[in-house]
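Taking it in order: structure first as structure tokens, then the write-up.
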Amino acid sequence: MTILAIETSCDETALAILRRNGSGSELLASEVASQIAEHEKFGGVVPEVASRNHLAQLPRLLERAVASAGIAMDEMDAFAATSGPGLASSLLVGNSAAKGLAIGAGKPFLAINHLEGHLLSPFFGREKIEPNVALIVSGGHTLLVNVRGVGDYEILGRTLDDAAGEAFDKVAKLLGLGYPGGPEIEMRAQKGDAKKFDLPRSMLNSGDLNFSFSGLKTAVRYLLPKVVIPSEVEGSRGESFKVTHRDPSTDARDDVLADLCASFQQVVIDILREKSLRALQQTKSRRLTLSGGVSCNRALREDLRAACQKNGIELLVAKPWLCTDNAAMIAFAAMLRLENGIVSNLAEEIDPNLALA
Ligand code: KG4
Ligand code: ZN
């Protein structure tokens, strides 16, 4: 079975061709065209710009992927696209393209939930998935999910405000760092002291499995004027400070920045670890999976690995190239769905707020 999948839920245009190969699978092509540079100057993703870019990129990506896979279009057995959650005008581009290809080829179309793509990605390429508790941490979502099988999901907890990745992005913006904020903060955190600043671990003892990260961002915001000089306030709401330490030397400024990044990152990790362990306890599961853009973070991966080892839990983490948005994970989810007899039809519409369960 060979599947062509398209992912255009946000600002990444991605296309992949995946083939089932015995009990494994072979990724024949995977293309990701990032639009980060185009949105960076606006300080975030502009939907209109994103959809125009998807439209411009997709035909080129399709041509290149099919050529590099070395197969003909009529060898595809199904076409899949992310149908939500995401930006409506972005989702529409990939969805319409995949539907058109499916109609043209007379092959099935599969509408895939973006979150299911992330959630299954730690098992990428495998024949089957095992029941697990999934922690999905991305720019738009923070979810703990009880995964009983393909298509059989129960939401255990979610963020009540900002997503984990969103917290990284917003704090990075406050610190005057680039977008996306995750990699920027991770890099600086490596040289910082995570115990330097005491930031709130919101909802750590709330008794449920939900998250809240907006208070953490606010705490960083109020801490900033005490440790740095807000010499240059950027943005219409004055949310961004140019980080200049009260001691004007560059070294001192970099140290404060590193300590802030390390302290912030550690709080996010502590919350994710504790809630994940609680979810495992609650479901009596012995397997945790980690996926989504924030799971690129090496400190998070290492922390969870140590915690799982200590508690006799198996940890499966998506490979770094599968953590951020891509179409290979969408193709894999489509393949597992088809193999499990779950199909969708052409009448299935995009849904910007598509729920996982
Ligand atoms: O999964 P993803 O590519 O897109 C969504 O579906 O949202 O996740 C993007 C998010 C961004 O917020 C980005 O800052 C975060 O993942 N991210 C990271 C790291 N790399 C990307 N967060 C923390 N540490 C990283 N190394
Ligand atoms: Zn994503």
Side-chain angles (χ1 to χ4, degrees), residues 132-139 141-145 156-172 174-175 177 181-224 227 256-283 285 287-318 323:
N132 63 84
V133 166
L135 173 64
I136 310 173
V137 273
S138 72
H141 301 270
T142 304
L143 285 177
L144 273 166
V145 187
L156 299 169
R158 54 162 37 99
T159 181
L160 303 179
D161 40 58
D162 292 351
E166 194 177 354
F168 271 93
D169 295 336
K170 286 181 174 171
V171 167
L174 281 171
L175 300 178
L177 306 176
E184 298 272 341
I185 288 184
E186 177 176 18
M187 194 180 71
R188 281 165 180 84
Q190 281 165 6
K191 297 188 202 96
D193 174 6
K195 295 200 180 79
K196 185 78 179 201
F197 299 110
D198 190 22
L199 296 164
R201 284 157 173 75
S202 304
M203 293 188 65
L204 193 59
N205 299 309
S206 60
D208 59 20
L209 297 170
N210 291 327
F211 303 87
S212 166
F213 291 107
S214 75
L216 176 57
K217 169 199 64 195
T218 309
V220 172
R221 188 179 174 171
Y222 285 121
L223 177 65
L224 268 179
V227 294
V256 171
L257 205 55
D259 291 342
L260 274 168
C261 288
S263 302
F264 161 78
Q265 180 176 275
Q266 192 56 49
V267 169
V268 176
I269 291 174
D270 286 351
I271 295 168
L272 295 176
R273 180 205 327 107
E274 293 310 311
K275 295 272 175 171
S276 298
L277 291 176
R278 203 167 299 160
L280 287 157
Q281 217 170 35
Q282 194 173 302
T283 54
S285 172
R287 190 178 293 110
L288 178 69
T289 66
L290 176 65
S291 63
V294 180
S295 60
C296 286
N297 189 290
R298 258 173 298 161
L300 171 65
R301 294 163 90 98
E302 278 159 26
D303 186 286
L304 284 182
R305 199 164 297 289
C308 285
Q309 203 166 19
K310 196 171 146 207
N311 290 280
I313 304 289
E314 181 193 355
L315 175 70
L316 274 160
V317 186
C323 288

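Atom set for the values below is all heavy atoms of this structure, side chains included, hydrogens, waters and symmetry mates excluded. What you see is a predicted model; the values in this text were computed from it and never measured.
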### Query
What's the verdict on side chain to side chain contact (heavy atoms under 4.5 Å, CB included) for Arg298 and Gln190, showing C-alpha distance, side-chain angles and the deciding distance?
CA-CA 10 Å; Arg298 258 173 298 161; Gln190 281 165 6; 3.9 Å; yes

The complete set of ring pair (Phe, Tyr, Trp, His ring centres under 6.0 Å) pairs with one or both residues in residues 182-210, sequence neighbours excluded, reads none

Return yes if a side-chain donor-acceptor contact under 3.5 Å exists between Ser214 and Asp162, otherwise no. no

With sequence neighbours left out, the residues meeting side chain to side chain donor-acceptor pair (under 3.5 Å) with Asn311 are none

The side chain to side chain contact (heavy atoms under 4.5 Å, CB included) partners of Ala279 (sequence neighbours excluded) come to Val133, Leu144, Leu156, Leu209

Quick one: does any side-chain atom of [X] pair with a main-chain N or O of [Y] as donor and acceptor, under 3.5 Å?
X	Y	result
Thr142	Ala164	yes
Asn210	Arg158	yes
Asp259	Gly192	no

Q) Does the pair Arg188 and Glu184 meet the rule for a salt bridge (charged side-chain N to carboxylate O under 4.0 Å, His left out), with working shown? A) CA-CA 7 Å; Arg188 281 165 180 84; Glu184 298 272 341; 3.1 Å; yes

Inspect the contact between Asp208 and Lys275 and indicate whether a charged nitrogen and a carboxylate oxygen are less than 4.0 angstrom apart. yes

From the list Val171, Val268, Asp169, side-chain contact (heavy atoms from CB on, under 4.5 Å) partner of Ile185 resolves to Val171

Exercise. Are any non-hydrogen side-chain atoms of Cys261 and Leu177 less than 4.5 angstrom apart?
Worked result: yes

Here the pair of heavy atoms bringing Ser263 nearest to Lys196 is OG-N, 3.8 Å

